[in-house]
Asks: 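One structure follows; several queries about it will come next.
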Protein chains: 2
Amino acid sequence: MNRELLKKHGLKITPQRLAVLDAMNNLHDHPMAECIIEFIRKNHPNIATGTVYKTLDTFVEKVIIKRVKTDRDVMRYDAITSHHHHLYCMESDRIEDYVDEELNKILNEYFINKGIPNFQIEEIKLQLSGKFTDTTQK
Amino acid sequence: MNRELLKKHGLKITPQRLAVLDAMNNLHDHPMAECIIEFIRKNHPNIATGTVYKTLDTFVEKVIIKRVKTDRDVMRYDAITSHHHHLYCMESDRIEDYVDEELNKILNEYFINKGIPNFQIEEIKLQLSGKFTDTTQK
DNA sequence: ATTGCTGCAAACTCTTTGCAAGTTC
DNA sequence: GAACTTGCAAAGAGTTTGCAGCAAT
């Protein structure tokens, strides 16, 4: 539950923070701040832009969410779930998660054996660029 | 040579464009626009900020360079060389190229066999986040 | 001569900041 | 009541745009 999530990270429980978490749970497509604000304002019309940005920053700091960025556009945010990669279409600017444990295993083993000089790996993330071939636009 | 590169892409050869290309050749660390401008102004003090941005956009369009973006900061640019991945340190914000043909081969084979439903892959790129363990700060 | 490019400055977008007033624990 | 959080509005950074004049072909 969201209240416990906040408590766990030593954050005070406020309607604004709950609203941002709620938005993150409901907006699945790596929303940008603007979408999050728009979503929240439906039920909570007076929330300030600055508050949402501050809240998102706080959550990023506490690793409740992560930032995502493509080569083209503004900041987006990603609720933390399992370790996943991104499928990205340049044309539509759509981003989808891609989870593949088999791939993670291969990559982990590969780098454990090989290593990289002067670099200690903490996270391996793929960005697969290309085109979505389904018709349902998200 | 830079002049031929421009000609090949149907772009007029101008001192400003040559200067941007020269900067890209000399600045190896995925420079941001600001650094590029600063570099160029050493020899070419009157170049306009807007011109550099326009030139970079033109080059991105013609695929002479690419955009790179981390989760934190501004746009950076990357001279096109061979297919490479990125090592990225969150602390220092440093980015290095990582070239690994063996890895590319493994990834290509993996995805040729496996495929992704509703997605046609055009490019596979890794971002390896972690820490640089050498002392020479770039 | 034609087309394309540059410089300039103003405008724009997204994000951050400062602070007084209000909430949460 | 102490510490933190919010709303607001203004400022900031980075980037884009419009256009008159200039340069390249």
Asks: May I ask you to evaluate whether A/Thr14 reaches the phosphate of D/dT6, defined as a side-chain N or O under 4.0 Å from OP1 or OP2?
Replies: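 It does, given that an N or O in the side chain of A/Thr14 lies less than 4.0 Å from OP1 or OP2 of D/dT6.
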Asks: Distance check needed: C/dG4 P versus B/His9 NE2, whole Å only.
Replies: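 Checked: the NE2 to P distance equals 17 Å.
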Asks: Base of D/dA3, side chain of A/Lys12 - is there a donor-acceptor contact under 3.5 Å?
Replies: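 Such a pair is found, so the answer is yes.
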Asks: Start at the 5' end of DNA chain C and walk down; is the nucleotide closest to A/Thr49 or to B/Ala48 reached first?
Replies: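 Nearest-nucleotide comparison on DNA chain C picks B/Ala48.
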Asks: For A/Asn104 and A/Asp100, which I'm curious about, is there any donor-acceptor pair between the side chains at under 3.5 Å?
Replies: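 Side-chain D/A pair, A/Asn104 to A/Asp100: absent.
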Asks: Can you check whether B/Leu6 reaches B/Asn2 side chain to side chain, under 4.5 Å on heavy atoms?
Replies: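 Result no, sub-4.5 Å side-chain heavy-atom pair not found.
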Asks: Contact class for A/Thr51 (heavy atom, under 4.0 Å): base, sugar-phosphate, or nothing?
Replies: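 Here A/Thr51 touches the bases of the nucleic acid.
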Asks: Ignoring backbone atoms, test whether B/Tyr53 places a side-chain nitrogen or oxygen under 4.0 Å from the OP1 or OP2 oxygen of D/dT16.
Replies: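 Negative; the distance criterion is not met.
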Asks: Of all of residues 16-27 of chain A, which get a heavy atom below 4.0 angstrom from DNA chain C, listed by number?
Replies: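 Those residues: none at all.
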Asks: Of all of residues 34-42 of chain B, which get a heavy atom below 4.0 angstrom from DNA chain C, listed by number?
Replies: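 By residue number: none to list.
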Asks: Between atom CD1 in A/Ile47 and atom C1' in D/dT6, what is the gap in whole Å?
Replies: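 Distance check: A/Ile47 CD1 to D/dT6 C1' gives 9 Å.
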Asks: Both B/Gly50 and B/Ile13 contact DNA chain D. Taking the nearest nucleotide for each, which residue is further toward the 5' end?
Replies: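 First, find each residue's nearest nucleotide; the 5'-ward one identifies B/Gly50.
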Asks: Can you confirm whether B/Leu107 sits close enough to A/Leu103 that some side-chain heavy atom of one is under 4.5 Å from a side-chain heavy atom of the other?
Replies: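 In short, these two side chains touch, coming nearer than 4.5 Å.
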Asks: Record whether the side chain of B/Lys54 comes under 3.5 Å of the base of C/dG4 through a donor-acceptor pair of N or O atoms.
Replies: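 Counting by modelled atom types and ignoring angles, no donor-acceptor contact under 3.5 Å is found here.
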Asks: Hey, is CD on A/Glu34 packed in by over 12 heavy atoms from elsewhere, all under 6.0 Å?
Replies: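 At most 12 heavy atoms, drawn from other residues, nucleotides or ligands, come within 6.0 Å of this atom.
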